[in-house]
Each structure stands twice: as C-alpha cells, then as structure tokens.
Amino acid sequence: MRMTLQFLGATEEVTGSCHLLSVDHEHLLLDCGLIQGGKADELRNHEPFAFDPESISAVVLSHAHIDHSGRLPLLVKAGFDGPIYTHKATAELCAIMLKDAAMLQTRDTERVNKKRAKHDLDPLEPLFTVEDAEQAITQFVPLEYGQVTRVIPHVDICLSDAGHILGSALVELWLGEGKSQKKVVFSGDLGRAGMPILRNPTLVDTADLVLMESTYGNRFHRSWTDTLAELKDIFAKTVNESQGNILLPAFSVGRAQELLYLFHLYAKEWDLGRWKICLDSPMAIEATRVYVNNYPLMDEDFKRFTRQHPGQHPLLSNVEFIQTTEESIALNEVHKGLIIIAGSGMCNGGRIRSHLEHNLWRPECDVIICGYQALGTPGRALVDGVEELTIHGNSIKVAAKLHTVGGLSAHADQAELLRWYRHFEGQPPLILVHGEPDAQHGLVDVINQDPKTKPQATAIATHGDRLDLTALPQLVWKPA
C-alpha cells in the first residue's frame with residue numbers, strides 16, 4: 001500500500017496550512033488555509049492548487065481560523081465536492097468566517113477594479129464568492145471529540161481538543177490495515193495549558209509520526225500572573241496619564257472572546273467601569289454567540305463561574321456590540337474613554353484599520369498587540385517599531401504607545417510544545433510546520449539536545465516535500 005504525505009502550505013511560514021495525504025489512489029487534505037501577510041504573499045492564493053481539486057476525496061479541518069480554512073471555498077469552486085470533516089463548533093464558526101472572507105474578497109476586488117478601470121485594464125474576479133463559501137459550508141460533516149470516523153478507504157481519524165480556539169482539534173490518523181498500519185498525529189494549532197475559557201490541549205500517547213506546529217518554537221510567553229499584572233498596569237496608566245482610547249486588534253475567533261472574559265473577571269480590579277468597552281466586529285459578535293451556545297466545551301472554571309452567577313454571562317455582561325458601519329464610524333468621534341476590540345488581529349483588514357487611522361497618531365492613545373503578527377502585516381510593522389503606517393492610502397505617524405502582550409497568545413510556546421511532544425512514547429519522528437525558520441530551528445536545536453527525548457528523526461517541512469509514510473520510522477523523502 002502506497003502512503004505519502006506532501007507539505008503544500010504553512011511550510012517555513014505560519015499561514016496557508018495545507019497538507020496532502022495520499023493512500024493508494026485516494027487523496028485527503030489536512031487543512032486548506034489562506035496565505036496571509038503582505039500583498040505578495042496574498043497573491044499566492046490566486047495560484048492554481050498543486051493538485052487536482054477534483055481528485056481530493058475529503059478534507060479534515062483542524063480549526064476555523066482563516067489561515068487553516070480560508071481556501072475551502074476556492075477548493076470547492078475548483079471542483080472539490082467531497083466531505084469536510086471537522087469538529088461541530090468549527091463547522092458553526094466557519095459558517096460565519098467563510099462568508100465574511102468571501103465578502104471581503106468581493107469588496108477588495110471591487111476596490112481594485114475601480115483603479116484598474118481608470119487605466120483601461122480588464123476587471124479581476126474575486127478569489128471566491130459568497131456562493132462558493134455557502135456551497136463549501138454545505139459540505140461540512142460535524143464530528144465530536146473522541147469520535148473515530150473513516151474518512152477515506154484505509155484512513156480513520158479521531159479529533160481531540162487542541163485548546164487553541166473553540167472547536168480546535170488535533171487529529172489522530174490511522175493509515176492502512178493490520179501490521180503495516182501507521183499512525184500520524186497532526187497537532188493543528190496547539191493552545192496553552194491554564195488559559196481562560198478553553199480546556200487544556202489533549203496529550204496523545206502514541207504515533208509513528210508527529211506533525212507539529214512551531215509558531216513560537218524559539219519563544220517563551222510571560223506567565224499568566226505577569227500578563228494580568230501587565231494589562232492592569234496598562235489600563236491604570238492610561239486612565240491616570242494619557243486620557244485617550246485603547247485599541248486592541250484582535251482575531252474575531254478566540255482572542256476577542258478571551259478579552260471579553262478577562263474584562264468581566266477583572267472589571268473591578270482594573271477599574272474598567274471608567275471605560276466604554278466596544279466589540280466592533282460583526283464577525284466577532286457572531287462568533288461570541290457561538291461560544292455562548294457551546295458552553296459544554298469550556299473549562300471547569302468558566303462553567304463554575306457561570307453556574308455561580310446566573311444571568312451574568314461572562315462574555316456578554318460589560319460590552320457594547322457595535323454592529324453597523326455607522327456605529328463604528330461614530331466611535332472615531334470619541335477621543336477618550338473607549339476600549340475598542342476590533343479585527344483583524346494582524347491589522348491587515350477590518351474595522352481596526354479605521355480606528356488606527358484616527359488614533360495611531362495621537363500620543364495619548366494606546367495600542368495593545370496581543371496576538372501573533374505574520375511577516376508583511378501592518379501589525380508586524382507596528383511590533384517592529386515602524387514610525388509611519390499607510391492606512392487607506394494615507395501615511396499615519398505612529399505616536400500612540402505600543403504594548404506587545406505576548407502572554408495572551410493562544411499558541412503554545414517552546415516549553416509547551418516540548419511538553420506536548422515529550423508525552424509521546426518512544427520519541428516518534430517529528431516534522432515541524434506552521435512556523436518561521438528562526439522559530440523552527442530554535443525548537444529543533446533544543447529538542448535534539450536532550451538525549452532522553454530526542455526524536456528518532458527530525459525535519460522542518462519545506463514546500464513541496466513529499467514523505468514516504470511506509471518507510472516510517474525513517475524519514476524518506478520522495479520526488480515531488
């Protein structure tokens with residue numbers, strides 16, 4: 001039986017997750033995400049797939065974030081008509097996020113076409129439409145954690161909680177039959193133990209191959225105690241010294257809900273009653289309702305708090321939802337006393353760009369960066385200390401105070417990645433994906449230094465690499 005795994009996305013970068021598993025003549029995709037970053041990166045989304053979409057029998061989706069799910073409508077548009085297996089909460093979130101992504105594609109294309117028309121250039125088509133997204137949504141097959149499911153001949157899967165966002169899953173895959181069977185574990189995006197709302201990432205005992213993310217492979221997050229103290233200090237200083245607004249660019253799924261929960265828990269301690277807290281993201285508002293409706297998936301602290309305070313839901317109690325464009329624009333007329341949570345998390349789209357345009361040049365304002373910022377994104381430019389940022393064609397001076405709060409990250413850091421991998425028996429071969437080279441090489445150096453947990457083999461996936469799974473535990477690469 002021929003079994004191969006080809007790496008076609010999130011290789012030496014953190015977006016565009018996509019891996020092609022082939023067993024005999026059947027083909028399965030693990031994730032199918034959008035490439036995010038600068039314009040040059042995003043143009044790669046328009047390139048043809050490296051495989052025939054009609055040849056794909058099924059997709060297994062680890063979670064709803066667009067860098068893992070965002071090219072599913074494009075895959076469907078190109079001819080894929082098979083099932084998309086994922087956790088039921090991920091299916092609910094994707095019903096929101098994929099349609100939103102399609103509307104953004106259409107809006108951005110209309111903007112570009114107006115400029116092209118001035119130069120007598122032919123109009124472009126959006127990458128995919130709302131209709132493509134709606135068709136993709138009909139192909140989702142919702143699963144529960146712990147449910148073993150046959151997805152293609154000779155391949156069974158089981159999803160377990162990855163603790164990254166609601167519905168996020170690590171995937172166990174059993175390939176083949178009998179003595180020749182191989183087990184591959186795909187981490188998806190791993191969360192962190194002890195974070196609010198979600199349960200801890202599931203530990204897995206056995207594998208013949210581990211495919212693991214490495215976003216923060218060379219970094220350590222601040223402790224949760226230090227992170228809370230840092231946030232308290234930011235809010236206190238802003239009240240007492242600057243009298244401006246606070247902007248929080250946030251991913252609509254995961255980070256936005258985490259912030260709402262923290263603002264509820266620490267409202268008195270952080271003196272948040274002086275502020276008007278606004279969630280300015282229709283998609284984040286819809287996602288928050290999905291979180292509310294999936295109460296059983298939360299950690300015990302969250303469920304206990306909710307039981308003890310009936311009628312005071314931790315995600316809904318002290319926030320104003322900003323739905324319409326007019327309401328969002330009106331916030332830009334308020335010069336102090338606002339905490340605005342808005343997408344996108346990397347500042348490369350969404351309503352946060354308008355708020356940055358109106359507040360970034362004001363020294364009395366603060367911007368809190370609390371998530372990963374990919375290379376080429378405006379958020380990464382802010383973290384790297386850029387002095388000016390171009391927004392809507394205007395050059396905006398960066399005068400607001402910038403705070404990078406890494407302790408809020410939903411990704412495991414180096415220590416947490418190592419802890420998760422070291423739970424496997426026998427140190428199975430390890431391949432790193434979803435990380436930039438510095439992070440990946442830093443993680444490889446550390447994990448190979450410990451003879452007790454050094455993997456049988458270690459590699460960093462590069463684009464197009466094709467692995468012969470029948471040769472495991474040896475890592476044998478085949479011509480692409």
Checking L93, N294, V141, L159 against K88 for side-chain contact (heavy atoms from CB on, under 4.5 Å), the one that qualifies is N294

Only residue of I341, T288, I277 satisfying side-chain contact (heavy atoms from CB on, under 4.5 Å) with V319 is I277

Backbone of [Y] reached by a side-chain donor or acceptor of [X] within 3.5 Å:
X: E258; Y: G254; value: no
X: S214; Y: G217; value: no
X: R466; Y: P479; value: yes
X: R71; Y: G33; value: yes
X: E327; Y: T324; value: yes
X: Q36; Y: G16; value: no

Measure the shortest side-chain to side-chain distance between [X] and [Y] over non-hydrogen atoms and say whether it is less than 4.5 angstrom.
X: V446; Y: Q414; result: yes
X: L231; Y: V405; result: yes
X: P455; Y: Y421; result: yes
X: L417; Y: L443; result: yes
X: F302; Y: L315; result: yes
X: I246; Y: L338; result: no
X: H27; Y: L21; result: no
X: L402; Y: V383; result: no

Which distance, rounded to the nearest 0.5 Å, do you find between the [atom1] of [X] and the [atom2] of [Y]?
X: Q139; Y: I84; atom1: CD; atom2: CD1; result: 5.0 Å
X: Q105; Y: L74; atom1: CD; atom2: CG; result: 9.0 Å
X: T109; Y: L127; atom1: OG1; atom2: CG; result: 8.0 Å
X: E326; Y: L331; atom1: CD; atom2: CG; result: 12.0 Å
X: L28; Y: L173; atom1: CG; atom2: CG; result: 7.0 Å
X: C278; Y: F321; atom1: SG; atom2: CZ; result: 11.0 Å

Shortest non-hydrogen separation from [X] to [Y] and the atoms involved:
X: G191; Y: A412; value: O-CB, 3.4 Å
X: T149; Y: Y85; value: CG2-CE2, 4.1 Å
X: N348; Y: P378; value: CB-CD, 3.7 Å
X: P428; Y: V210; value: CG-CG2, 3.7 Å
X: S69; Y: L98; value: O-CD2, 3.5 Å

Take atom [atom1] of [X] as the centre, draw a 6.0 Å sphere, and report whether it contains more than 12 heavy atoms from other residues, nucleotides or ligands.
X: D81; atom1: CG; value: no
X: E125; atom1: CD; value: no
X: R219; atom1: CZ; value: no
X: N293; atom1: CG; value: yes

Verdict with supporting geometry, E13 and R44, salt bridge (charged side-chain N to carboxylate O under 4.0 Å, His left out) = CA-CA 13 Å; E13 60 182 335; R44 292 155 54 203; 2.6 Å; yes

Specify whether [X] and [Y] have parallel, tilted or perpendicular ring planes, treating 30° as the upper limit for parallel and 60° as the lower limit for perpendicular.
X: H63; Y: H68; answer: tilted
X: Y372; Y: Y216; answer: perpendicular
X: H65; Y: H164; answer: perpendicular

Quick one, H403 with I369, criterion side-chain contact (heavy atoms from CB on, under 4.5 Å). Give me CA distance, side-chain angles, the key distance, then yes/no. CA-CA 6 Å; H403 312 270; I369 302 292; over 6 Å; no

Can a donor-acceptor pair be found between the side chains of [X] and [Y] at a distance below 3.5 Å?
X: D280; Y: S328; result: yes
X: H19; Y: D31; result: no
X: S354; Y: N332; result: yes
X: N245; Y: N359; result: yes
X: D161; Y: H87; result: no
X: T227; Y: E230; result: no
X: E357; Y: H392; result: yes
X: E131; Y: Q135; result: no

- Salt-bridge criterion met for E320 and K276 (N-O under 4.0 Å): yes

Carboxylate-amine/guanidinium contact E436 R380, below 4.0 Å: yes

task: For the pair E416 and R192, evaluate salt bridge (charged side-chain N to carboxylate O under 4.0 Å, His left out) and give the outcome as yes or no after the intermediate values.
output: CA-CA 7 Å; E416 292 157 335; R192 304 169 58 197; 3.5 Å; yes

request  = Using the side-chain hydrogen bond (donor to acceptor under 3.5 Å, both in side chains) rule, take H463 and E12 through it: C-alpha gap first, then chi angles, then the decisive distance, then the call.
outcome  = CA-CA 8 Å; H463 191 82; E12 300 180 293; over 6 Å; no

For residues F235 and F263, establish whether the separation of their ring centroids is below 6.0 Å.
yes

Would T15 and I35 count as a side-chain contact (heavy atoms from CB on, under 4.5 Å) here? Give the steps. CA-CA 5 Å; T15 67; I35 301 166; 3.8 Å; yes

Problem - From CA spacing to verdict: side-chain contact (heavy atoms from CB on, under 4.5 Å), M212, W420 - result: CA-CA 10 Å; M212 187 174 77; W420 184 79; 3.6 Å; yes

